[in-house]
Amino acid sequence: MAMFGNLSDRLVEALGNLRAKGKLTPADVDGTVREIRRALLEADVALPVVKDFVTHVRERALSDDVNRALNPAQQVVQIVNDELVRILGGTESRQIAFAKQPPTVIMLVGLQGAGKTTLAGKLAKWFVGQKHSPMLVAADLQRPNAVTQLRIVGDQAGVPVFSPEPGNGVGDPVRVARESMRIARDKQHDIVIVDTAGRLGVDEALMKQAADIKAAVNPDEVFFVIDSMIGQDAVATAKAFHDGVGFTGAVLTKLDADTRGGAALSVAQTTGQPIMFASVGEKLDDFEVFHPDRMASRILN
Ligand code: GDP
């Protein structure tokens, strides 16, 4: 997998240069930290995240609080690994916050093309595999075809899709979302996944609509879906959605593509919300629970 190709190569190289050294001098550590800093910046990781990262690595590498069982180079690799895990969200993966009274409502927000509709199908299929009974809701009435596309992924996942009649793209998404809650209860679906409209860029109408849908369905989870190729825009976009709608977790999509890594490495730390899942392809099975520690070791190997 091409995941983080260049960043990964650069970090491995920077750390590899230490291997020849028996004992690390502060100058060795500084040199390595500089290379790490450059590699992260070139991978479009947000500047505050980079600064924080390298400060931690440097402090820890120069402190006495190191694992004596490892040689100096291995110690730095270990520290970089730990710090990657930390900025990706820490060692504990967060579980989905299921509602005490079903249905559990999960709302998807994000820019157009981020992969929300595809993700709705992936989540639905994943929940079916865990013996849940999900329903999908087409509250994206903006984009021509969004409803049809959701129906297609719903069919593939074998779950029903609640939507206005096809072709009737001028409906009110807030009303559709509200109505879907009643249907879900009637039909005893224990999970409802609400797909919402995105725009090409962040705009006020989009935020207001998403906030209105959120108020109407009172979701247990709001997942901010973000294309991992988006690079430096990741942080601004994430902040706009965090301030405008609020979300409880992020989902990274298109991690199968040759992404530079910036979004993945910036979003959790700058919003304080965990990355819950990763989407790694166009097929419904191309989907993983996100584990910061596994992601860190993929980057460093
Ligand atoms: P939405 O506008 O947010 O609903 O985005 P879509 O679900 O329509 O996805 C936009 C495009 O990205 C589609 O062509 C999807 O097939 C594609 N896509 C979605 N997720 C992934 C992924 O994880 N990897 C790849 N390679 N393509 C994806």
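The first residue of the sequence shown is numbered 1, and numbering continues consecutively from there. When a ligand or atom number is given, it counts from 1 through the structure's own listing order. The figures that follow rest on heavy atoms only: side chains count, while hydrogens, waters and symmetry mates do not. The model shown is predicted, which means the values in this text are computed figures rather than measured ones.
- Ring-centre distance between Phe287 and Phe277: below the 6.0 Å cut-off.
- Contacts with ligand 1 closer than 4.0 Å are made by side-chain heavy atoms of Asp256 only, the backbone lying farther away.
- Close approach of ligand 1 to Gln112 (heavy-atom distance below 4.0 Å) involves ligand atoms 2 (O).
- Applying the 4.0 Å criterion to heavy atoms of Lys116 picks out, from ligand 1, the atoms 1 (P), 3 (O), 4 (O), 5 (O), 7 (O).
- Looking only at side-chain heavy atoms (C-beta outward), Gln273 and Phe224 stay at 4.5 Å or farther from each other.
- The protein heavy atom nearest to atom 16 (O) of ligand 1 is Glu282 OE1, 2.6 Å.
- With respect to atom 20 (N) of ligand 1, the closest heavy atom belonging to the protein is Ser279 OG, 3.8 Å.
- Within 6.0 Å of CZ in Arg294 there are 12 or fewer heavy atoms belonging to other residues, nucleotides or ligands.
- Neither the backbone nor the side chain of Leu255 comes within contact range of ligand 1; no heavy atom lies under 4.0 Å.
- With His56 contributing its side chain and Asp52 its backbone, the two residues share a donor-acceptor pair below 3.5 Å.
- Nearest to atom 19 (C) of ligand 1 among the protein's heavy atoms is Thr118 OG1, 3.6 Å.
- Contact annotation: Ala114 has at least one heavy atom less than 4.0 Å from an atom of ligand 1.
- Remark: minimum distance from atom 11 (C) of ligand 1 to any protein heavy atom is reached at Lys254 NZ, 4.2 Å.
- Taking the charged nitrogens against the carboxylate oxygens, Lys122 and Asp285 have no contact shorter than 4.0 Å, which rules out a salt bridge.
- Taking the charged nitrogens against the carboxylate oxygens, Glu13 and Arg10 have no contact shorter than 4.0 Å, which rules out a salt bridge.
- The protein atom (non-hydrogen) at minimum distance from atom 4 (O) of ligand 1 is Thr117 OG1, 2.7 Å.
- Proximity of Val225 to ligand 1, defined as any heavy-atom pair under 4.0 Å, is not found for any part of the residue.
- Here the closest heavy-atom approach between residue Leu24 and residue Asp28 is recorded as CA-OD2, 3.5 Å.
- Counting atoms of ligand 1 from 1 in the listed order, those under 4.0 Å from a heavy atom of Gln149 are 6 (P), 7 (O), 8 (O).
- Protein heavy atom nearest atom 2 (O) of ligand 1, with residue, atom name and distance: Gly113 N, 2.7 Å.
- For atom 21 (C) of ligand 1, the nearest non-hydrogen atom from the set Gly281, Ala120, Gly115 belongs to Gly281.
- Lys116 and Thr196 form no side-chain donor-acceptor contact under 3.5 Å, judged by distance and modelled atom types alone.
- The ligand atoms of ligand 1 that sit less than 4.0 angstrom from a heavy atom of Leu111 are 3 (O).
- Using bins of under 30°, 30° to 60° and over 60° for the plane-to-plane angle, the ring pair Phe98/Phe127 lands in the perpendicular bin.
- A heavy-atom distance below 4.5 Å is found between the side chains of Val245 and Lys214.
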